[in-house]
2 protein chains.
Amino acid sequence: MIYSSELIKGTLKTIVLKMLEDNRKMYGYEITQKVKELTKDRIQLTEGALYPTLHALENDGLLTTETEYIGKRVRKYYSLSPSGKGKARERVSELADFMETMKLLLDIQVKPA
Amino acid sequence: MIYSSELIKGTLKTIVLKMLEDNRKMYGYEITQKVKELTKDRIQLTEGALYPTLHALENDGLLTTETEYIGKRVRKYYSLSPSGKGKARERVSELADFMETMKLLLDIQVKPA
DNA sequence: CAAAGATACATAAGAATCCAATGCATCCAA
DNA sequence: TTGGATGCATTGGATTCTTATGTATCTTTG
């Protein structure tokens, strides 16, 4: 199943923060691959959406960066700043709560974890 | 808790379709109140978002309308068209699936229904 | 060895979606 | 009679994401 793109809206920042919470440091491309893998190809982040988001989170002081060279190729690693860690927890719990509410509203039977 | 508005994005159409699936016919204001009630005030649809959405769904042939007068006040009822009923089921099940995926991705413990 | 595909960054134009503000009008209760 | 609730609607702006494009390197395969 491919999700209509509308659904993804609003969750991208949360996804990115969560990925970085679980993995210390990651680079953009790695994030797209990890999400793709974890969601069994259901969610494929586009670069046009991801990079601006990473830059925005960095501008907000939630992420820090370090550049590495793999041969001649640049790789830009992102990590959560202290405030980013707080924000990550906040966002994930907000989304969890939102999902509970939607479940209630839409009368959806959710499988227990 | 008040959800950051980003989260609501992408779910509004689904919410509207689901409300009409459960209630045969409803008018705009009634939908806002029903959603507010069912979500214990967590989701409050704004009129600036709701009415354009209702009009869009009507233009797509998913909703039909009938106007009633309560005294001198106009009330515009919306109902699902046959294709709207199909769309409602489709959208709700898509959102349910999406929520499962997000649960997986975000490692969220969801309470069983 | 050449070409294609994967890796890796990035931006820009446009579409879509939603919010806040505003407007109009009626009804009811204090 | 005035404020709050009911009920419709539109507009301007912000935000977010998609599509398309661009650059460059590395790896695999025919």
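Just so it is clear: chains get the letters A, B, ... in the order the sequence lines come, proteins before strands, and each one is counted from 1.
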Query raised in the report: Can you list the residues that meet the ring pair (Phe, Tyr, Trp, His ring centres under 6.0 Å) rule with A:Y29, with sequence neighbours excluded?
Result: none
Report summary line: When rounded to whole Å, the CG to C1' distance for the pair A:L50 and D:dC17 reads 12 Å
Requested in this report: Return the value, rounded to whole Å, for the distance between atom CD of A:E66 and atom P of C:dA8.
Outcome: 16 Å
**Report entry** Any A:K72 side-chain nitrogen or oxygen under 4.0 Å from OP1 or OP2 of C:dA8
**Finding:** no
Report task. Write down the distance between CD (A:E68) and P (C:dT7), rounded to a whole number of angstrom. Result -> 18 Å
Query raised in the report: Step by step, would you call A:D22 with A:K34 a salt bridge (Lys or Arg N to Asp or Glu O under 4.0 Å)?
Result: CA-CA 11 Å; A:D22 288 352; A:K34 190 70 182 175; over 6 Å; no
Query raised in the report: Could you state the CD1-P distance from A:I31 to C:dA8, rounded to the nearest angstrom?
Result: 12 Å
Report summary line: Note: contacts of residues 18-28 of chain B with DNA chain D (heavy atom, under 4.0 Å) are B:Y27, B:G28
Query raised in the report: Between A:Y27 and A:Y77, how do the two ring planes meet: parallel, tilted or perpendicular, split at 30° and 60°?
Result: perpendicular
Query raised in the report: Out of curiosity, B:L105 CG to A:E37 CD, how far, rounded to the nearest 0.5 Å?
Result: 11.0 Å
**Report entry** Euclidean distance, atom NZ of residue A:K76 to atom P of D:dA24 [Å, nearest integer]
**Finding:** 18 Å
Report summary line: Judged by nearest nucleotide, the residue sitting upstream toward the 5' end of DNA chain C, A:R75 or A:H55, is A:R75
**Report entry** Lys/Arg-Asp/Glu bridge criterion (N-O < 4.0 Å) met for A:R42, B:E100
**Finding:** no
Requested in this report: From the options A:L62, A:V16, A:L17, select the one residue that forms a side chain to side chain contact (heavy atoms under 4.5 Å, CB included) with A:L80.
Outcome: A:L17
**Report entry** Whichever of A:L45 and A:R73 has its nearest DNA chain D nucleotide further upstream toward 5'
**Finding:** A:L45
Requested in this report: Report the distance from atom CD1 of A:I15 to atom P of D:dT16, rounded to the nearest whole Å.
Outcome: 14 Å
Query raised in the report: Can you check whether A:K13 has a side-chain N or O nearer than 4.0 Å to OP1 or OP2 of D:dT16?
Result: yes
Report summary line: From OH of A:Y51 across to C1' of D:dT19 the rounded distance in Å is 16 Å
Query raised in the report: Taking the nucleotide of DNA chain D with the closest heavy atom to each, which residue, B:Y78 or B:Y29, is nearer the 5' end?
Result: B:Y29
Requested in this report: Take the protein atom CD of B:E30 and the nucleotide atom P of D:dG7, then report the distance between them rounded to whole Å.
Outcome: 8 Å
Query raised in the report: Looking across every strand, which nucleic acid part, if any, lies under 4.0 Å from A:E47 by heavy atom: base, sugar-phosphate, or nothing?
Result: base
**Report entry** Side-chain donor/acceptor of A:S81 to backbone N/O of A:G61, under 3.5 Å
**Finding:** yes
